[in-house]
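Chain identifiers are assigned alphabetically (A, B, ...) following the order of the sequence lines, protein sequences preceding nucleic acid strands; residue numbering begins at 1 within each chain.
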Number of protein chains: 2
Amino acid sequence: MKKSKQATIVDVASEAGVSIATVSNVINRRKVPMSPETVRKVEEAIARLGYRRNVMATNLSRRRSNELGLVLPHFGGYYGRFAEKLERKFHRYGYHLSVFSAADMDPEVEMRHIEHLLQRRVDGLVSHGLAISMHSTQQLVGEGTPLVIFNGWGWPSDITKLAVNLDFAKASSEAVRYFLAHGCRAVFYAGRRKGMGANDQRIEGFLAGLDGETRADVHALLDAGDLGVAGVLEEALRLSGDIRPIGIYTFNDSLALELIAECHERGIRVPDEVQLIGMDNEHFAKASYPSITSFEMPVDLQASLVTGFLMRQMGEELDEMSAELLDSYLNQMQGHELLIDMEMVVRNSTQNG
Amino acid sequence: MKKSKQATIVDVASEAGVSIATVSNVINRRKVPMSPETVRKVEEAIARLGYRRNVMATNLSRRRSNELGLVLPHFGGYYGRFAEKLERKFHRYGYHLSVFSAADMDPEVEMRHIEHLLQRRVDGLVSHGLAISMHSTQQLVGEGTPLVIFNGWGWPSDITKLAVNLDFAKASSEAVRYFLAHGCRAVFYAGRRKGMGANDQRIEGFLAGLDGETRADVHALLDAGDLGVAGVLEEALRLSGDIRPIGIYTFNDSLALELIAECHERGIRVPDEVQLIGMDNEHFAKASYPSITSFEMPVDLQASLVTGFLMRQMGEELDEMSAELLDSYLNQMQGHELLIDMEMVVRNSTQNG
DNA sequence: CTGTTAGCGCGTTCAG
DNA sequence: CTGAACGCGCTAACAG
């Protein structure tokens, strides 16, 4: 009650008429034997004073924070869902997760967040592999803090022990083959430079998918950042001459939706003339007109693997299921990059059946 | 270098051959005069050792954290954007913002986050006015921590000094009147119970909008949670008999999009037979087919007002523009709830012109 | 200009 | 079971 500030453990101790050690024992539910009477007195004092433990003091003293940090490109869609999953999973192990957005890949903001997390002495870090350079990350994180990357490619193993990646390349190949198998002799990839590594993976997969038995007469890589959405469509149509239908595989559902809008505008029929496949399986992909064929993001699985690996690296005991799951993936891993398959969800923006 | 742990201020001091006070002065760029030579030595030592300040120790000692917390219903759409804006604005005042999602209104998760923020001794809190009960909040936050609510109605002034709300009621009235002025003699509100306060506001505005010069022959409140999306459409059509067009004002764009999909499914023409107005002006509202008439969320303005008020409450000096803006809103405030107008964006899901 | 020292709130021995 | 004492890393007077 002194100074009308927050009560401390000392206040509680004197209020309950015990020592601070006892209060600490009660708070942390230690195994040391205490009389129920004592426990009750302490708990009452805590309630009466509205005592709330100061985690800064706790962590300082314990020399560990039980806090983890997650850095996202932004909060929207898949990333937000991933964050929520991850938070819940870490919580089961007694860790608290703080989530930060790099505000759509602003390197300065991203840097600030990572620096702050490190200053807060988080026990571990999870980050997308995007905005800031690997060098900066190296500098920042150094040897100290365990770092797991998700959706990042080509990270040296001295900075991260593991990257948990969605297999965009494979999905992209699948998309191309789907187009080829469904009458498209002209196929395009509509990308986003800004997607960086994730964009490169899609390109790689796209090109690989072209090498099947059925071949495309026309194909090209287009970028929505350079050409704009309308520009992408125009260029695709121009390159295709009178080949129909054409297939456009897009960086994400959002871009696919915009292309559909562009088609409506010009009276181009989807999927008769233009077929589209997106990525992310966003909510609107199902409800758009026509609905968008896309790839479902295995958010939960990805979060489980990230959690499992980081927890194990930090010396936590995994439950049997988690351990088994993690190991099965680690076994078939190449380098220190682990790949997760994605499933295509066929809808009406492609010819189906 | 001892124990291969993180270097401390003591390590830096001895490495540089100065006292820890000097190091502290350098780190915090205090106004005390120091020889450039000393500063250089300290900075070199810092770089050499890879020293990074421990904010827990700093905050403990300073008895303030310079940290703020934000609790969101979830990370998606408007909320995520709001969070990013807020983070940037607070940063200008030297505060760091940690954002948490209640995982789509899970009260337990929400509670956990608030409790954790309080244990971290954040200097202030911003929260949506939704999942947890006011009573719990009362308990949790008590007198100690400044709290600003956004989009929350009916909060007692002893727990929050200010609620910064989007004027959903006004927008809803406007939506209804738009329908009436554009030939709809049957109008409906398609809500979401889960929206709670925000849903109530829409209902209130919807009903108020019915009381203009032009009247509706049929109107009703429908809930997508109870009836499902298809159910809402069916019920609206049933109640309307052969009145056409009908107008459906929806809780948000997402629901509007689903209703459009439902219309496509049944061959119902939008906007000829059914007109729709959504809310949030999400990215897909513009690109959907037909595009969705919606209300733009003044995220930046709302974030500015929240920032301004909280900063002032915490004794920070606002710049002139911010102060002026804040005051102009505070002056026309009723109670301690401040209302922000939203602008309707007319698109093709309504008859326009 | 620089060094000393007493806290900040809590965890952790270790003798009682 | 309990209480005293030290340490965590840093800030903030206060001396020098």
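Residue contacts for B:T58: at a heavy-atom cut-off of 4.0 Å it reaches the sugar-phosphate backbone alone, with no base atom in range.
One finds no salt bridge joining B:R92 and B:E316 here, because no Lys/Arg side-chain nitrogen approaches an Asp/Glu carboxylate oxygen to under 4.0 Å. For the pair A:E84 and A:K89, the salt-bridge criterion is not met [side-chain N within less than 4.0 Å of a carboxylate O].
Between A:T22 and the phosphate of D:dT2, there is a side-chain N or O to OP1/OP2 separation shorter than 4.0 Å. OP1 and OP2 of C:dG11 both lie 4.0 Å or more from every side-chain N or O belonging to A:R64. Of the side-chain N and O atoms in B:S35, one or more sit less than 4.0 angstrom from OP1 or OP2 of C:dT2.
Comparing B:S24 and A:P36 by the nucleotide of DNA chain D that holds the closest heavy atom to each, the one mapping nearer the 5' end is A:P36. The residue among B:V39 and B:R62 whose nearest nucleotide of DNA chain C is located toward the 5' end is B:V39.
For A:S19, the side-chain atoms get nearest to D:dT2 when compared with the rest of D:dT11, D:dT2, D:dA12. Considering only side-chain atoms of A:R63, the nucleotide from C:dC10, D:dG9, C:dG9 that sits closest is D:dG9. For A:L60, the listed nucleotide lying nearest its side chain is D:dC8; candidates were D:dC8, D:dT11, C:dT2. When distances are taken from the side chain of A:S61 to each of C:dT2, D:dT11, D:dC8, the shortest belongs to D:dC8. If you check C:dG3, D:dT11, C:dG11 against the side chain of B:A21, the one that comes closest is C:dG3. Nearest nucleotide to the side chain of B:V18, out of C:dG11, C:dG3, D:dC10: C:dG3. In the set C:dG11, C:dG3, D:dC10, the nucleotide with an atom closest to the side chain of B:A57 is D:dC10. The side chain of A:Y51 sits closest to C:dC10 out of D:dC10, C:dC10, C:dC8.
Per the geometry, CG belonging to A:N66 stands 19 Å off P belonging to D:dC8, to the nearest Å. Between A:I9 atom CD1 and D:dG7 atom P the separation is 19 Å, expressed in whole Å. A:I27 has its CD1 atom 9 Å from the C1' atom of C:dC10, to the nearest Å. The distance from atom CD1 of B:I20 to atom P of C:dG3 is 11 Å, rounded to the nearest whole Å. Atoms CG (B:N59) and C1' (C:dG9) sit 13 Å apart, rounded to a whole Å. Atom P of nucleotide D:dG9 and atom CG of B:N54 are separated by 7 Å, given to the nearest angstrom. Between the CZ atom of A:R52 and the C1' atom of C:dC10 there is a distance of 16 Å, rounded to whole Å. Note: CG (B:N28) to P (D:dA13) measures 13 Å, nearest angstrom.
Residues passing the ring pair (Phe, Tyr, Trp, His ring centres under 6.0 Å) test with B:H96 are A:F100, A:H113, A:H116, sequence neighbours excluded.
Here B:F75 and A:F75 bring their ring centres to under 6.0 angstrom of each other. Ring pair A:Y329/A:F309: centre-to-centre distance not below 6.0 Å.
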Note to self: Test side chain to side chain donor-acceptor pair (under 3.5 Å) on B:N25 and B:T22; report intermediate values, then the result.
What the structure shows: CA-CA 5 Å; B:N25 285 334; B:T22 305; 5.4 Å; no
